[in-house]
Protein chains: 2
Amino acid sequence: MKQRLAAIGTVETLPHRVAAFLSREIESGELNPGTRLPTEQELSEKFGVSRNVVREAIAQLRADGMIEARQGVGAFVLAPEQRASIRIDGEALKDSENMERLFELRCILEAESAALAAERRGQEHLDAIKAALDRMSGEERWEEGSIDADLLFHREIARATGNSYIHTFISFVCEQIRRSIHYARLTNPLHDLVEVNVGEHVRIYEALVAGDPSAAEAAMRAHIIGAAERVGVKLPAARRKQSGKGK
Amino acid sequence: MKQRLAAIGTVETLPHRVAAFLSREIESGELNPGTRLPTEQELSEKFGVSRNVVREAIAQLRADGMIEARQGVGAFVLAPEQRASIRIDGEALKDSENMERLFELRCILEAESAALAAERRGQEHLDAIKAALDRMSGEERWEEGSIDADLLFHREIARATGNSYIHTFISFVCEQIRRSIHYARLTNPLHDLVEVNVGEHVRIYEALVAGDPSAAEAAMRAHIIGAAERVGVKLPAARRKQSGKGK
DNA sequence: TGATACATATCATCCTACAACTTAACTCGA
DNA sequence: TCGAGTTAAGTTGTAGGATGATATGTATCA
């Protein structure tokens, strides 16, 4: 709490910057659940901004369920379980272990998504998935166009599950991963472009056409594991395909 | 866009209400990606609030990545894929089909969580899970205390996966479900209290102790399906446990 | 036709003022 | 002395006005 805006860094509007700063204080444990934030006036002075800016920042944080404000009392940090939304800290993804974990979560979601899509897809879903696949095949190198087509491919599969929450969660996770990789490239332009592997996508598509949930799941799992490795992330050992204890 | 705040309903601060209204317009497709919102001044007049209130509302929406504001131009709706966070509309969960879908997603996440926890848990995890279990067992009826203990049980299992994203996602989904059920009870006080089924929890715990991922997954899946049914939600047919095609 | 200047529209920030709510302190009566 | 009621102080919630910054469109000039 000794910071001024000059030390906050990053771009964007002042409210966004104040909110980001406070958010980091909360996530890092500097401000524990139950802690009362400084008053709006104090924050205003501390950061050298108007009270309106502080209020806008606080509005953001309360919409996220990170804090609650009580009129006449102050603003208090809430427990993470009370959050009204899920966010992923882009900075945290610079740590490759966190990237691993996010890929693991993605693998869980996408493997199930593919299996459900294989069961529930209609012709219109297959058409959309094929269109994304064709778009991917038309690219010679793994560039933004390919990345967009790849994301679209995954999103269309998730759409075919008929479960909008699955679609939302997968879209979100894929987008966060994409952003992280994108920013890594901006920082390090020599970062190698990753080659597209359309064969893996084709196998997923074929399993969907065949309506084979197990094949779809396996193909998708292999694809996500492969995609992770291609960006330098090694997923934790595959599970239960070796245990053979499952019924 | 013909609404006034009187028609917005719900409680809370004016910015929150304006943001919620706009958010619903966006989610419902009334405001498509690329659409330009009315100016701040127009929204201020339309809703009969000050421009500050409108700005705070917009700050919330832009923090979510639902809109982007360009100085001198206006505020524009962004595509859902650009969202910086995941939210679940509590109103949408009043539709039982959406509740089904959310439970399905929960089942996907929690089954995997249990399996990973069975592989990765340490003694400290088991202790925490047991503590939550004991707390649940001490309750004679399914009340808030039991619900909290149940949520804690699930969160501790997710923590044992060692993947904070899994933990975050599961916590979030469980909390949204809990809130939805809680509000349903406020609206309809005659809604039956649901009995706690500690036996299912014990089975999960035992599989964790035994370090048996398959058993943990199966027990968790059965528990989630049972929990859903106990609140009147029937999950889509179980998948792949009958296909037997998996390797 | 392209570049430059100017006007207009709109967001971003700041400031002031008052309303509404909460909490602590004070006063008064039993 | 204790409890209830009142008042004062502190803090958030809202409103309104002003100025700065940015983007876009239009007019003018070379």
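As a basis for the values below, the full set of heavy atoms in this structure was taken, side chains included, without hydrogen atoms, waters or symmetry mates. Letters A, B, ... are given to chains in the order of the sequence lines, protein chains preceding strands, and every chain is numbered from 1.
Rounded to whole Å, atom C1' of C:dC15 lies 15 Å from atom CZ of A:Arg55. In this structure, B:Arg36 atom CZ and D:dT24 atom C1' are separated by 11 Å, rounded to whole Å. Atom CZ in A:Arg17 sits about 14 Å away from atom P in C:dA12, given to the nearest Å. One interatomic measurement links the two molecules: CD of A:Gln41 to P of D:dA9, which rounds to 18 Å at whole-angstrom precision. Atom CG in A:Leu43 sits about 16 Å away from atom C1' in D:dG13, given to the nearest Å. We find that CD of A:Glu40 is positioned 16 Å from P of C:dT16, with the value rounded to whole Å. Between the P atom of C:dT22 and the CZ atom of A:Phe76 lies a distance of 12 Å, rounded to the nearest Å. Between A:Arg70 atom CZ and C:dT23 atom P the separation is 6 Å, expressed in whole Å.
For the pair A:Glu110 (side chain) and A:Cys107 (backbone), a donor-acceptor distance under 3.5 Å is absent.
In the set D:dT24, D:dT14, C:dC11, D:dT14 carries the atom at the smallest distance from any side-chain atom of B:Thr13. Picking from D:dA23, D:dT14, C:dA12 the nucleotide with the shortest atom distance to the side chain of B:Glu56 gives D:dT14.
Side-chain atoms of A:Gln41 and A:Glu45 include a donor-acceptor pair closer than 3.5 Å. Donor-acceptor pairing under 3.5 Å is lacking for the side chains of B:Arg55 and B:Asn52. Side-chain contact check for B:His167 and B:His154: no donor-acceptor pair (N or O, by modelled atom type) lies under 3.5 Å.
OP1 and OP2 of D:dT14 both lie 4.0 Å or more from every side-chain N or O belonging to B:Ser50. An OP1 or OP2 oxygen of D:dG13 is reached within less than 4.0 angstrom by a side-chain nitrogen or oxygen of A:Arg62.
Within 3.5 Å, no donor on the side chain of B:Arg51 pairs with an acceptor on the base of D:dG17, nor the reverse. Side-chain atoms of B:Asn52 and base atoms of D:dG13 include no donor and acceptor less than 3.5 Å apart. Contact of B:Gln71 with C:dA12 (side chain to base): no donor-acceptor pair of N or O atoms is detected under 3.5 Å.
The existence of a salt bridge linking B:Lys46 and B:Glu40 is excluded, since no basic side-chain nitrogen approaches an acidic carboxylate oxygen closer than 4.0 Å.
Comparing B:Gly72 and A:Pro15 by the nucleotide of DNA chain C whose heavy atom lies nearest to each, the residue mapping closer to the 5' end is B:Gly72.
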